[in-house]
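Worksheet: one structure, shown below.
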Amino acid sequence: MLSLFLLGVTVNYITRNSLGLLAAELKTSLGMTTEQYSYVVAAFQAAYTLFQPLCGWLIDVIGLKLGFLICASIWAVVCMLHAGAGSWVQLAILRFFMGSAEAAATPANAKAISDWFPRKERPVASGWAGVGFSIGAMLAPPIILVAHMSFGWRGAFLFCGVLSMLWVLLWWKFYHSPENHPNLSKEELALIRQDNEPQQTRLPFIQSMKTVCKNKKFYGIAIPAFLAEPAWAVFSFWVPLYLANERGMDLKHIVMFAWLPFLAADLGSIASGYLTTLYRKVFGCTRINSIVASSVTGAFMMLSLALVALTQSPYAAIALISIGGFGHQVISCMLSAVVVETFDKSQVATVNGMRGSSAWIASFLFSLLIGAVADNIGFNPLFIAMGFFDLIGAVFLIALIAERRNPAKRESV
């Protein structure tokens, strides 16, 4: 079931990253300036920001299978409609609707983990679940290049939409909740449900959000997410344009290298969960503190982005960005793990959606900033800023989430 979900997230990111990979040609074909391109990116990010809590609440209420199926069907159709765009305004409108549907991916991720794994296995499961987000971005460059060479940029969007619709059919036929899965034994179901988490009453959307906002631990998740997301937005939407404009690469050369940060992100996703095991076994951390420690480790790795501004070699720049990709995905997976560790199962999709909204507010604002200043000051000051954002976020994570030593019990933390 996790593999089927990861396949869906992979397709999600292929459709999402198609815009960034085709950005240079779209600017020429549709007569876009860099600032207008930033509005197209921001339209997607604004919708993603607004709709993540709503998509999360929808999934909590009607279930993962139906909720994700509805959203995936919408993004598949809208992706195909991109082929008919005749101006940047039309493209921005389509990206808004696509972002509203693709916003389901982040809350669905938390829901899948909470449904299918007992608490003790969720940090590692979160790491593996994060692979789908970055492997889709890694596979996007060669897939989009082949589709572009075969059908042009319009055909590339059509191809991605059809790919998404094929996955929708697989999801509809093969996904089941643990309680309804025809091949799951009673013993396996008992293993998944061994924590005996009580099922809480599902609240109306607004009431559910108010309940979450009253919990200070939510801000220990939301603020680091806000500070982490600009880097991922740059990886997804701006690095191809950066490589074209400031490093002089054409589409074929970009495709040769643009997937490397996402390969590193895949490795970071996988490593993140095992880092928690390392911190527990070697340093005696509690489960929550091991997750926090893993996230802080990722934050220090993000300093590599600041060094991008100091290198003249495009290959060194890609290597440093790749280190940042590894670090970012460690942070992202661990923030998702904190959600499923801290909040009730009936709320995890809603909370993860709100976490995603916090992140994408920053993504939206940072993209507008890039569009406004990149042509004048370049990308280097922006990379320096991204290098330090996550260390600030780590302070909030430690202050609001980390468990404190209990002197009376002399427990290790």
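For this chain, numbers begin at 1 and follow the sequence in order. Atoms considered below: every heavy atom in the structure, side chains included; atoms not considered: hydrogens, waters and symmetry mates.
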Completion exercise
From the list Val395, Ile331, Ile398, Leu391, side-chain contact (heavy atoms from CB on, under 4.5 Å) with Val296 holds only for Ile398
So does [Y] get a backbone contact from the side chain of [X], meaning a donor-acceptor N/O pair under 3.5 Å?
X	Y	value
Ser336	Ser332	no
Gln36	Thr33	yes
Ser38	Glu35	yes
Asn289	Ala402	no
Ser304	Leu320	yes
Ser290	Arg287	yes
Thr297	Ala293	yes

Practice task
Verify side chain to side chain contact (heavy atoms under 4.5 Å, CB included) between Arg154 and His82, making sure each step is shown before the conclusion.
Solution key: CA-CA 7 Å; Arg154 297 182 189 275; His82 279 49; over 6 Å; no
What pair of heavy atoms forms the shortest contact from [X] to [Y], and how long is it?
X	Y	answer
Thr311	Ala316	OG1-CB, 3.3 Å
Val40	Met32	CG2-SD, 3.9 Å
Trp153	Ala85	CH2-O, 3.7 Å
Trp75	Gly8	CZ2-O, 4.1 Å
Val308	Ala317	CG2-O, 4.0 Å
Leu305	Ala231	CD1-CB, 4.0 Å

Does a side chain donor of either [X] or [Y] reach within less than 3.5 Å of an acceptor in the other side chain?
X	Y	result
Ser294	Tyr274	no
Ser269	Asp266	no
Glu188	Ser185	yes
Thr34	Lys27	yes

About how many Å separate [atom2] of [Y] and [atom1] of [X], when rounded to the nearest 0.5 Å?
X	Y	atom1	atom2	result
Lys281	Thr276	NZ	OG1	10.0 Å
Thr10	Leu163	OG1	CG	10.0 Å
Ile62	Leu69	CD1	CG	9.0 Å
Leu263	Ser322	CG	OG	8.0 Å
Ile59	Ile70	CD1	CD1	9.5 Å
Leu30	Ser87	CG	OG	7.0 Å

May I ask you to test the [X]-[Y] pair for a side-chain heavy-atom distance under 4.5 Å?
X	Y	answer
Phe44	Arg16	yes
Met354	Cys213	yes
Thr342	Phe218	no

Quick check, are the ring centers of [X] and [Y] under 6.0 angstrom apart?
X	Y	value
Phe257	Tyr315	yes
Tyr39	Trp88	yes
Phe51	Trp57	no

Practice task
Apply side chain to side chain contact (heavy atoms under 4.5 Å, CB included) to the pair Cys71 and Ile74, showing each step before the final yes or no.
Solution key: CA-CA 5 Å; Cys71 294; Ile74 294 172; 5.7 Å; no
Problem - Identified ring pair (Phe, Tyr, Trp, His ring centres under 6.0 Å) counterpart of Trp167 within the set Phe174, Phe68, Phe5, Tyr175 - result: Phe68
Problem - Test side chain to side chain contact (heavy atoms under 4.5 Å, CB included) applied to Ile221 and Lys217, step by step - result: CA-CA 7 Å; Ile221 299 166; Lys217 289 188 175 182; 5.5 Å; no
Handout entry: Stepwise ring pair (Phe, Tyr, Trp, His ring centres under 6.0 Å) test for Tyr242 and Phe383
Key = CA-CA 11 Å; Tyr242 163 75; Phe383 275 111; 5.1 Å; yes
Practice task
Determine, stepwise, if the pair Glu229 / Ser363 fulfils side-chain hydrogen bond (donor to acceptor under 3.5 Å, both in side chains).
Solution key: CA-CA 6 Å; Glu229 197 63 24; Ser363 179; 5.1 Å; no
Practice task
Apply ring pair (Phe, Tyr, Trp, His ring centres under 6.0 Å) to the pair His328 and Trp232, showing each step before the final yes or no.
Solution key: CA-CA 7 Å; His328 171 84; Trp232 192 250; 5.0 Å; yes
Practice task
Show your working on side-chain hydrogen bond (donor to acceptor under 3.5 Å, both in side chains) between Gln52 and Ser357 and close with a plain yes or no.
Solution key: CA-CA 6 Å; Gln52 279 195 75; Ser357 284; 4.9 Å; no
Exercise for the section: Before giving the answer on side-chain hydrogen bond (donor to acceptor under 3.5 Å, both in side chains), spell out for Glu102 and Thr15 the whole-Å C-alpha distance, their side-chain angles and the decisive distance to 0.1 Å. Expected result: CA-CA 9 Å; Glu102 291 203 349; Thr15 60; 2.6 Å; yes
Handout entry: Intermediate values then yes/no, side-chain hydrogen bond (donor to acceptor under 3.5 Å, both in side chains), Glu25 and His148
Key = CA-CA 10 Å; Glu25 182 172 350; His148 175 267; 2.3 Å; yes
Problem - Stepwise side chain to side chain contact (heavy atoms under 4.5 Å, CB included) check, Leu4 with Trp171 - result: CA-CA 7 Å; Leu4 181 60; Trp171 180 258; 3.9 Å; yes
